[in-house]
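For reference, the structure discussed in these notes is given below.
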Amino acid sequence: MSEAEPDAGRDVILAATDIVRTYGHGDIAVPVLKGLDLQVRRGEWVACTGRSGSGKSTLLHVLGLLDSADSGSYLLAGHEVANLDDSMRARLRNELLGFVFQLHNLLPRTSALENVATPLIYRGVRRAERLRRAREALAAVGLADRSHHDPSQLSGGQMQRVAIARALVGDPELLLVDEPTGNLDLVATSEVMELLDRLHEGGRTIVMITHEEDVAAHADRRLVLSGGRLHDERAMEESK
């Protein structure tokens, strides 16, 4: 059974329909997403799990406008992505989306404050205002006292919280989270998941990729990526 469609009357932030993504061509073509469907409502937390190589990162890249589907429809906040040029895609990515990656992707030899402020540069926000917002974002993740530390001076869990602050600084409509605890110990994992819980309780919309069942359990809805499509986890369990 494919992923169930949410109630039509709910406010949908993204709607992906019949998404296909294949890498390579001809004899070396590797189909990854094969007619995938996904709808996410505002304020919802969706976790996508699946085996290694199932296409989870490909899905997140398509949803995050870092990659393009070969075919299918993808509506993001009412915008049909296939109709957008590169500049409009970049604008939507910067204004609507916040990214949290497994490996943090923080700038080395750059303070936590400056790392968090970086996305606002592309919005043309003045430096004083960028730093003010960055301080607020760091305070929100419990790292106000680490604002002038660079990544080499932070623990893995602290770096991930800086990455979350960076994702939040632009007040995005949707957080896309890729394996947020993949490189963390149990204590840091607990801290990061408590933070994501609070953000969700505050109304944040989250789509999260993870291979960890206990991490996926925090979400409202758990889907499994298998055979290039998303399936409701409960329906898959019942069919076994």
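All heavy atoms count here, side chains included; hydrogens, waters and symmetry mates do not.
- Remark: R51 CZ is loosely packed, at most 12 non-hydrogen atoms of other residues, nucleotides or ligands lying under 6.0 Å away.
- Environment of CG in N83: crowded, with over 12 heavy atoms of neighbouring residues, nucleotides or ligands closer than 6.0 Å.
- Considering only heavy atoms from C-beta on, H231 comes within 4.5 Å of S226 through its side chain.
- For the atom pair L66 CG and F99 CZ, the distance stands at 4.5 Å (nearest 0.5 Å).
- Residues V20 and K34 are not in side-chain contact: their nearest non-hydrogen atoms beyond the backbone lie 4.5 Å or more apart.
- Within the 4.5 Å cutoff, no side-chain heavy atoms of V207 are placed close to those of L175.
- To the nearest 0.5 angstrom, L75 atom CG is 9.5 Å from L14 atom CG.
- Between E179 and K56 the shortest side-chain heavy-atom distance falls below 4.5 Å.
- For A77 against L96, the heavy-atom pair with the smallest separation is CB-CD1, 3.8 Å.
- Scanning all heavy atoms of the two residues, the minimum distance from L84 to L92 falls at CD1-CD1, 3.3 Å.
- At a threshold of 4.5 Å between side-chain heavy atoms, the hydrophobic network of Ile, Leu, Val, Met, Phe, Trp and Tyr places L174 and I164 in two separate groups.
- In summary, the side chains of R89 and S68 do present a donor paired with an acceptor at a separation below 3.5 Å, with no hydrogens or angles considered.
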query: Step by step, would you call W45 with H218 a side chain to side chain contact (heavy atoms under 4.5 Å, CB included)?
result: CA-CA 8 Å; W45 185 350; H218 287 256; 3.6 Å; yes

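- Side-chain contact check for M208 versus P180: some heavy-atom pair is nearer than 4.5 Å.
- Within the 3.5 Å criterion, the main-chain N or O of N94 finds a donor-acceptor partner in the side chain of R123.
- Screening residues 134-146 for side chain to side chain donor-acceptor pair (under 3.5 Å), with sequence neighbours left out, gives R132-E136.
- Between R166 and V169, the shortest heavy-atom distance links the atoms O-CG1, 3.3 Å.
- There is no path of hydrophobic side-chain contacts, each under 4.5 Å, that joins L184 to F101.
- Side-chain contact check for H200 and D220: at least one donor-acceptor pair (N or O, by modelled atom type) lies under 3.5 Å.
- The two residues G35 and D18 have their closest heavy-atom pair at CA-OD1, 3.1 Å.
- Among pairs with a residue in residues 52-95, none fulfils ring-ring contact (aromatic ring centres under 6.0 Å, His included), at least two apart in sequence or across chains.
- With values rounded to the nearest 0.5 angstrom, L63 atom CG is found 9.0 Å from L97 atom CG.
- Contact check for L38 versus L36: side-chain heavy atoms found under the 4.5 Å cut-off.
- In this structure H149 satisfies the side chain to side chain donor-acceptor pair (under 3.5 Å) test with no other residue, sequence neighbours excluded.
- Closest heavy-atom contact between A188 and D185: N-OD1, 2.8 Å.
- Residues T58 and Y23 form a side-chain contact, since some pair of their non-hydrogen atoms from C-beta on lies under 4.5 Å apart.
- Hydrophobic clustering (side-chain heavy atoms under 4.5 Å, transitive across Ile, Leu, Val, Met, Phe, Trp, Tyr) groups L33 together with V46.
- Taking the side chain to side chain donor-acceptor pair (under 3.5 Å) definition, one finds that R42 meets it with D11, E173, sequence neighbours left out.
- Of the inter-residue distances, the one linking S57 atom OG with Q102 atom CD reads 8.0 Å to the nearest 0.5 angstrom.
- Side-chain heavy atoms closer than 4.5 Å link hydrophobic residues (I, L, V, M, F, W, Y) into clusters, and following such links, possibly through other members, connects L223 to I13.
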message: Assess the residue pair R204 and D171 against the criterion (salt bridge (Lys or Arg N to Asp or Glu O under 4.0 Å)); give the C-alpha distance rounded to whole Å, side-chain angles, the decisive distance to 0.1 Å, and a yes or no.
response: CA-CA 9 Å; R204 293 285 175 183; D171 194 23; 3.0 Å; yes

task: Evaluate the side chain to side chain contact (heavy atoms under 4.5 Å, CB included) criterion for residues L225 and C48: first the C-alpha distance (whole Å), next the side-chain angles of each, then the deciding distance (0.1 Å), finally the verdict.
output: CA-CA 7 Å; L225 184 54; C48 300; 5.7 Å; no

Criterion side chain to side chain contact (heavy atoms under 4.5 Å, CB included) on L59 and L230, from CA distance to verdict: CA-CA 10 Å; L59 171 61; L230 285 170; 4.1 Å; yes

For residues 111-122, which side-chain N or O atoms pair as donor and acceptor with protein atoms under 3.5 Å away, sequence neighbours left out?
residue	atom	partner	partner atom	Å
S111	OG	E114	N	3.1
E114	OE2	R127	NH1	3.0
E114	OE2	R127	NH2	2.7
N115	OD1	L107	N	2.6
N115	ND2	L107	O	3.2
N115	ND2	T110	O	3.1
N115	ND2	S111	O	3.2
T118	OG1	E114	O	2.8
T118	OG1	N115	O	3.4

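- A distance of 8.5 Å separates CG in D37 from CD1 in I19, rounded to the nearest 0.5 Å.
- Between A29 and T22, the shortest heavy-atom distance links the atoms CB-CG2, 3.9 Å.
- Atom CE in M88 sits 12.5 Å away from atom CG in D86 (nearest 0.5 Å).
- The salt bridge (charged side-chain N to carboxylate O under 4.0 Å, His left out) test applied to D67 returns R21, not counting sequence neighbours.
- Looking only at side-chain heavy atoms (C-beta outward), V100 and L176 stay at 4.5 Å or farther from each other.
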task: Could you walk me through whether L168 and L199 pass side chain to side chain contact (heavy atoms under 4.5 Å, CB included), step by step?
output: CA-CA 10 Å; L168 293 172; L199 292 173; 3.7 Å; yes

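- Among V162, L131, L138, the single residue meeting the side chain to side chain contact (heavy atoms under 4.5 Å, CB included) criterion with S147 is L138.
- Both V32 and V81 sit in one connected hydrophobic cluster of ILVMFWY residues. Membership requires side-chain heavy atoms under 4.5 Å apart, directly or through other members.
- Formation of a donor-acceptor pair under 3.5 Å by the E80 side chain with backbone atoms of A82 is found in this model.
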